[in-house]
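Some notes on the structure that comes next.
Proteins get letters first, then strands, A, B, ... in listed order; numbering begins at 1 in each.
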Amino acid sequence: MLKTIACGELRSNHVGKTVTLAGWVHKRRDHGGLIFIDLRDSQGLVQVVFNPERSPAAHQVAENFRSEWVVLVEGEVALRPVGTQNPHMPTGEVEVYASRAEVLNQSKTPPFDISEDGQVDELLRMQWRYLDLRTARMHDNLVLRHRVVKYMRDFLDDRGFIEIETPILIKSTPEGARDYLVPSRIYPGSFYALPQSPQQLKQLLMVAGYERYFQIARCFRDEDLRGDRQPEHTQLDLEMSFVNEEDILSLIEELFTDIVEKVASNRKLVKPFARLRYDDVMARYGTDKPDLRFGLELADLTEVAKATESHVLHQAVDGGGIVKGFAAPGCGGYSRRQVDELTAFAQTRGARGLITISLAGEGTSLDGLTMEQVRSTIARFLTLEQVKQIARRTKAKPGDLILIVAGPAKVANTALSQLRNEMGQRLKLTDPTLMVFAFVTDFPLFAWSEETKAWEPEHHLFTAPAEDHWPLLETDPGKMRARHYDLVCNGMELASGSIRNYNREKQERIMRFLGYTPEQIDERFGQLLGALEYGAPPHGGIAPGIDRFLYLLSDHADSIRDVIAFPKTQNAVDALFHAPAPVTPEQLKELHIRVVEE
RNA sequence: GGCCCGGUAGCGUAGUGGUUUAACGCGCGGCCCUGUCAAGGCCGAGAUCACGGGUUCAAAUCCCGUCCGGGUCGCCA
């Protein structure tokens, strides 16, 4: 090693030792005589002092130092003089008196400041990712990521799981998300697909008798990106044999509780995790991934709406829709402009409009409420008693603002759930240091698709239905519940899993019900169905998304891009490598591919 | 694919039709400076205002289009 110790490791117990340090010039403070350098390496920062009286040669070398130069410094560790210690630095009690200095490599002036935590355009950061990753915040994020993944591996290893790698080049199965395809050189016109998840592979491992499998698995989906979605993301994929729901959920609860408590001292969590039913969660929050750090629960107002004179409400209800709303405490005094803002917010989330009712006055009782204290977009279509009914259902008090959306259930729920999150933020109810986990269970097995006029799996078709729901497959498939569970946290879906079908007959019934022909079933799922005939054990699993979890865990992440070393932009571009990019005609020819101009 | 926001020295921003020679802070370069840690002081350089077209006597500023980034709906079993 060129160095004897890391910069960030130096403490008062090293005082008197002569050390050789190597790293990057983080900051330089030149007093003409004395020069102070904050020297940075992967372990942290330490202050180096160049004194022209102690070592003129070293001082002369340091005069030329500039930001991000790579330098080597030899010197003695000393306690800082009284009054000059820096309590903000872990190494702030000591400093190094340089006796020798050497430039190992120079650096151009970086395109943005690495030593300060300022706002820098994200595209610029992506284009210079190797510099962006030098910043303390990104460095902390990647270290945190390593610790979390290591904890997961150790935790599962302790419990008898083994990590098994599965192929990245596998086969396209057209259901679900769009596949990333890789052309075959050897078989013209044939393609591998990158796995959206190792779902079938891990089930085959259960058939193979491994009983407890896990993998830190990369998963690929060619769909549009978001702050919480990248074309490739990493899951802790796991699967167990001879288990039921409770085995999986308690394992995951213990894992996540441990990680938060032992790896993330900056986070608090609520124990035990809540277990919520899908229907209940949809009714109360309008989404299957509610932020449970705050209340603001939705109330169904459809019945009240029917009794009013409001055309808007009647139209929605007559069209088979619903009316729901919630109360924003203390927002009764919102200005016209603020209300308009919320309306626009709801509209951009798909709602036709937003109905607001603000209640003036004070106290907690609605008894003294008069129509004069009610301000609403639909005030003239409401009686005082109806306003009170709405207030009671939404638990609104005088001084509150009730927000109501009417329309098809899906639209109203989407808009309201996002409005609820928005108000949670505005009212500062979303404590970023708090993580509230919950398991959502009892999902429907199927969802009706208006687009294809067919039943589709709510999650995936390997999910087993509740055992006593099989008869419903013929009579009322929409009522079938799945042995499926999600882990949600702070409004994010963190994991998804299920107990699987392990009986070929039953698995095939589901596939036939979904409209697959015997040929399609054989071609797409033949390998799995075949395996189910050779002693497949009951099994189930789950797959927590590691990027999303880290995003919630980190104090320095604005999106999952901040916890991924080299992420893509919203247009799925790698701004550093400029991928994707054209390839040579020779490469295309070998792959039997011709590019067609559109 | 739809909608919304943004693009002005290396970085972050201000300027939204004419006293702008495009301003400020940081950074950068030079000089001064022996206890700083957002070091300080003085001086200086640095911008085809994303790109293309249009309106106007006059455009960073208004209009249209394109590209790029972010958010969002659709999409994401």
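- At least one side-chain heavy atom of L529(A) sits under 4.5 Å from a side-chain heavy atom of E508(A).
- For K410(A) and G74(B), the shortest distance from a side-chain N or O to OP1 or OP2 is below 4.0 Å.
- Below 30°, between 30° and 60°, or above 60°: for F462(A) and F525(A) the angle between ring planes is above 60°, a perpendicular geometry.
- Judged by the 6.0 Å and 45° rule, R500(A) forms no cation-pi pair with Y502(A).
- Nucleic acid contact class of E458(A) (heavy atoms, under 4.0 Å, all strands): sugar-phosphate only.
- Nucleic acid contact for F443(A): none, since no nucleic acid atom lies under 4.0 Å from a heavy atom of the residue.
- Note on D562(A) versus R137(A): salt bridge recorded, some NZ/NE/NH1/NH2 to OD/OE distance being below 4.0 Å.
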Restricting both atoms to N or O, compile the protein contacts to nucleotides 9-13 of chain B shorter than 3.5 Å, with distance only.
unit_1 : atom_1 : unit_2  : atom_2 : d
G10(B) : O2'    : P111(A) : O      : 2.6
C11(B) : O4'    : P111(A) : O      : 3.4
G12(B) : OP1    : D121(A) : N      : 2.8

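- Using a 4.5 Å heavy-atom cutoff, the side chains of L576(A) and Y130(A) are in contact.
- A22(B) and A47(B) have their P atoms separated by 11 Å, given to the nearest Å.
- When the C1' atom is compared between A23(B) and A9(B), the two are found 12 Å apart, to the nearest whole Å.
- One atom, NE2 of H26(A), and another, P of U36(B), lie 19 Å apart when rounded to the nearest Å.
- For the pair E422(A) and R349(A), the salt-bridge criterion is not met [side-chain N within less than 4.0 Å of a carboxylate O].
- Between G12(B) and U48(B), the distance separating the two C1' atoms is 22 Å to the nearest Å.
- At G69(B), one or more side-chain N or O atoms of T569(A) fall inside 4.0 Å of OP1 or OP2 (strictly under the cut-off).
- Between the side chain of E95(A) and the base of G35(B), at least one donor-acceptor pair of N or O atoms lies under 3.5 Å.
- Rounded to whole Å, the separation between the P atoms of G35(B) and C51(B) comes to 48 Å.
- Judged by the 6.0 Å and 45° rule, R524(A) forms no cation-pi pair with Y516(A).
- Regarding contacts with the backbone of C28(B), a side-chain N or O of S67(A) is found under 4.0 angstrom from either OP1 or OP2.
- OP1 or OP2 of G2(B) has not a single side-chain nitrogen or oxygen of R349(A) nearer than 4.0 Å.
- Taking atom C1' on both nucleotides, A59(B) is separated from G54(B) by 11 Å, rounded to a whole Å.
- Side-chain atoms of R229(A) and base atoms of C76(B) include a donor and an acceptor less than 3.5 Å apart.
- Using a 4.0 Å cut-off between charged nitrogen and carboxylate oxygen, R125(A) and D132(A) count as a salt-bridge pair.
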Can you name the atoms? Protein N/O to nucleotides 48-52 of chain B N/O, anything below 3.5 Å, with the distance.
none

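- We find that CG of D222(A) is positioned 13 Å from P of G1(B), with the value rounded to whole Å.
- Between the C1' atom of G71(B) and the CD1 atom of I560(A) lies a distance of 15 Å, rounded to the nearest Å.
- Under the 4.0 Å criterion applied to side-chain N and carboxylate O atoms, E116(A) and K27(A) are assigned as salt-bridge partners.
- Residue Q47(A) places none of its side-chain N or O atoms closer than 4.0 Å to OP1 or OP2 of U36(B).
- Each of Q570(A), E122(A), Q230(A) was compared with R561(A) under the side-chain hydrogen bond (donor to acceptor under 3.5 Å, both in side chains) criterion, and only E122(A) meets it.
- Contact annotation for Q418(A): backbone-only contact, meaning every heavy-atom pair under 4.0 Å involves sugar-phosphate atoms and none involves a base.
- Across U20(B) and G27(B), the matching C1' atoms stand 24 Å from one another, rounded to whole Å.
- Of the residues in residues 31-39 of chain A, those lying under 4.0 Å from RNA chain B by heavy-atom distance are H31(A), G32(A), G33(A), L34(A), F36(A).
- Remark: C1' of C73(B) and CZ of R226(A) are 7 Å apart, rounded to the nearest angstrom.
- Side-chain proximity of R66(A) to the nucleotides G70(B), G29(B), C75(B) is greatest for G29(B).
- Nucleotides G17(B) and C63(B) are separated by 13 Å at their C1' atoms, to the nearest Å.
- Here G92(A) lies out of heavy-atom contact (under 4.0 Å) with every strand.
- One donor-acceptor pair, N or O on each side, does fall under 3.5 Å between the base of C37(B) and the side chain of R80(A).
- A salt bridge links R218(A) with E232(A): at least one charged nitrogen is closer than 4.0 Å to a carboxylate oxygen.
- To the nearest whole angstrom, the two C1' atoms, one in U66(B) and one in C24(B), are 32 Å apart.
- The distance between atom CD of Q127(A) and atom P of G70(B), rounded to the nearest whole Å, is 11 Å.
- Across A412(A) and G407(A), no two heavy atoms sit closer than the pair CB-O, 4.2 Å.
- Among the heavy atoms of the strands lying under 4.0 Å from L123(A) are primed sugar atoms or P, OP1, OP2 only; no base atom is included.
- Contact between the side-chain N/O atoms of N571(A) and the OP1/OP2 oxygens of G69(B) is found at a separation under 4.0 Å.
- The closest side-chain heavy-atom distance from D279(A) to D442(A) is not below 4.5 Å.
- Nearest nucleotide to the side chain of R29(A), out of C73(B), C37(B), C76(B): C37(B).
- Salt bridge annotation for R229(A)-E223(A): absent, with no cationic side-chain nitrogen under 4.0 angstrom from a carboxylate oxygen.
- Evaluation of atom-type donor-acceptor distances gives no pair under 3.5 Å for the side chain of R28(A) against the base of C37(B).
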